[in-house]
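Letters A, B, ... are given to chains in the order of the sequence lines, protein chains preceding strands, and every chain is numbered from 1.
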2 protein chains.
Amino acid sequence: MTALNSPLALKLGAFVALSNDEMSALDRLHARRKLFPPGRDMVHQGQVNQSAYILASGWVCSYKLLSGGARQIVDFQIPGDFLGLRSVLFRTADHNIEPVTKVEASEVLAIDLLDTFSRTPRLATAVLWAASRDEAMVVEHLVGIGRRDAKERTAHFLLELGSRLKLVGLGSAQGYACPLSQYMLADALGLSAVHVNRVLRELREDGLVTFQNGHVVIHDIDRLMVLADFDKSYLDHDGPLLK
Amino acid sequence: MTALNSPLALKLGAFVALSNDEMSALDRLHARRKLFPPGRDMVHQGQVNQSAYILASGWVCSYKLLSGGARQIVDFQIPGDFLGLRSVLFRTADHNIEPVTKVEASEVLAIDLLDTFSRTPRLATAVLWAASRDEAMVVEHLVGIGRRDAKERTAHFLLELGSRLKLVGLGSAQGYACPLSQYMLADALGLSAVHVNRVLRELREDGLVTFQNGHVVIHDIDRLMVLADFDKSYLDHDGPLLK
DNA sequence: CGACTGCTTGAGCCAGTTCAACCACTGTGG
DNA sequence: CCACAGTGGTTGAACTGGCTCAAGCAGTCG
């Protein structure tokens, strides 16, 4: 895969028109490919001096565990996303990262990243944009768990995922492939798996979305967006620092 | 007030030993003092080209509103905290900011901030540290709302606030002044005000904390920390980029 | 074939909500 | 100086969204 159609390039390209130089700088970041099997944590809480990764293919999730054994998934990462950017800047990781599927990721050393940023500052801005978008997603997630009921929350989640996947060429307004189990959905949405199941059924019976067999099919995006109170502006901030 | 005992200096100083140069650079950021009365929003969603502020005194809260009228408070900011750092980097604000009390804050223009960072890079690192701490707090907040019950969540919240206030010289292990109403607590914790009231009573009757008349008194911090499953490590990351 | 993982459905229960009332304070205008 | 309105806190009673427990089913893998 060349930089041109890599998920990361697609994502950043939605924000900055990338020059050839910038493209090849991105390419160079993809030098150290690594593979991770699903299930075994890539990073866990308290681990020190972790590298960052750029996800090339597959899905991962970041989560925290409570002493009682409960798990809260903070976010899923999909191709084109950075993982553990914060764990590089700070010595220790404050959450766990687990591959949901087989994962292909490029390791990025702190030095290389900083080096790339100083040579191609527009890339730095673009990556900062991506990081801020991630932060905005966490905030929106918080709002959803705090103040939306299970149905709205689930609908919102599925719409957000769709929107993110579309940006990296992995989905359309009609639907997308989704390797998550209902258990993972539950841990992300702050619900029980049983209840997620019922909510998904309702959404299906209402003719809004179908979540089945690893595929999300969106039947009526307009009604779904109304139900979820979905305003995608938090996903595509304008880029101000860029002239 | 000189930089030496300003809340921001105290906070950053916990992370980096600040030189005289760095101190006076901080001082210069405090040039444009402004006052804000409680109640009227300082920033609201969608607003463009906002400045950042450093909170000198008073409390503010950042929140989002849903179409149904529900409100979710994402975070409170206390003296020494930055407000709207993200809104500077990005053209539009994605949340509202409202003063909880009378507020004194220093406006910081994007240029001045970037300028300060390039002259005193250790300050840049320190501010980055603070920003990352804020992000970690939002994540912890998300986890709490998703997976802690009302009592644990409330206890955790009060402990976190105490820990933050202590860092800027506004509280101790015994307690602190707190201008929040039970309604605000409710909007932050994702609960109803009525239930917050009952939970606070329970915590009081258990001899753990008292939240009354604008004061939080911590009676038994050890039991409180156990109840809340409070691990303060997310509040004080080490600083790796600093030699 | 059995074991395991993920999905589905029912039944009963409980944490937290909503509605409604009442109290204590504080500030404000006549 | 009192009346009155507004804000914040407190408590009870009834209701409900989502949970837990329990069972059964389908597909997949060794």
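Within the cation-pi definition used here (under 6.0 Å to the ring centroid, within 45° of the axis), B:K64 qualifies as a partner of A:Y234.
Computed from coordinates, the A:N197 CG to D:dG24 P distance equals 17 Å when rounded to whole Å. The CZ-P distance, from A:R147 to D:dG18, rounds to 13 Å in whole Å. What separates CG of B:L200 from P of D:dT10 is a distance of 8 Å, to the nearest Å. Atoms CG (A:L189) and P (D:dG17) sit 18 Å apart, rounded to a whole Å. Atom-to-atom, CD of B:E205 to C1' of D:dT11 comes out at 12 Å; the value is rounded to the nearest Å. For the pair A:I145 CD1 and D:dG18 C1', the interatomic distance rounds to 14 Å; values are reported in whole Å.
Backbone-only contact: B:R201 has heavy atoms under 4.0 Å from sugar-phosphate atoms and none from a base. Counting any heavy atom pair closer than 4.0 Å across all strands shown, A:S181 reaches sugar-phosphate atoms only and no base atom. Contact annotation for A:G39: no contact, since no heavy-atom pair falls under 4.0 Å across all strands. If you check every strand for non-hydrogen atoms under 4.0 Å, A:G214 touches nothing.
Applying the side-chain hydrogen bond (donor to acceptor under 3.5 Å, both in side chains) criterion to A:R198, with sequence neighbours excluded, gives no partner residue.
Taking the charged nitrogens against the carboxylate oxygens, B:D94 and A:R133 have no contact shorter than 4.0 Å, which rules out a salt bridge.
At the phosphate of D:dG8, neither OP1 nor OP2 sits under 4.0 Å from any side-chain N or O atom of B:Q212.
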List the steps, then state whether side-chain hydrogen bond (donor to acceptor under 3.5 Å, both in side chains) holds for A:S62 with A:Q77. CA-CA 8 Å; A:S62 333; A:Q77 272 78 232; 2.9 Å; yes
Anything under 3.5 Å between a donor and an acceptor, one on a side chain of residues 201-214 of chain A, the other on a protein residue two or more places apart or in another chain? List them.
from	atom 1	to	atom 2	distance (Å)
A:E202	OE1	A:K151	NZ	3.2
A:D206	OD2	A:K151	NZ	2.8
A:T210	OG1	A:H219	NE2	2.4

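Summary of the strand contacts: A:H195 and B:R198 both lie near DNA chain D, and taking for each the nucleotide with the nearest heavy atom, the more 5' one is attributed to B:R198.
Here SG of A:C178 is found 4.0 Å from CG of A:L180. Values are rounded to the nearest 0.5 Å. Distance check, rounded to the nearest 0.5 Å: CG of B:L191 to CG of B:N197 gives 12.0 Å.
Taking every nucleotide of DNA chain C with any atom under 4.0 Å from a non-hydrogen atom of chain B, the first and last of them, 5' to 3', are C:dG16 to C:dC19.
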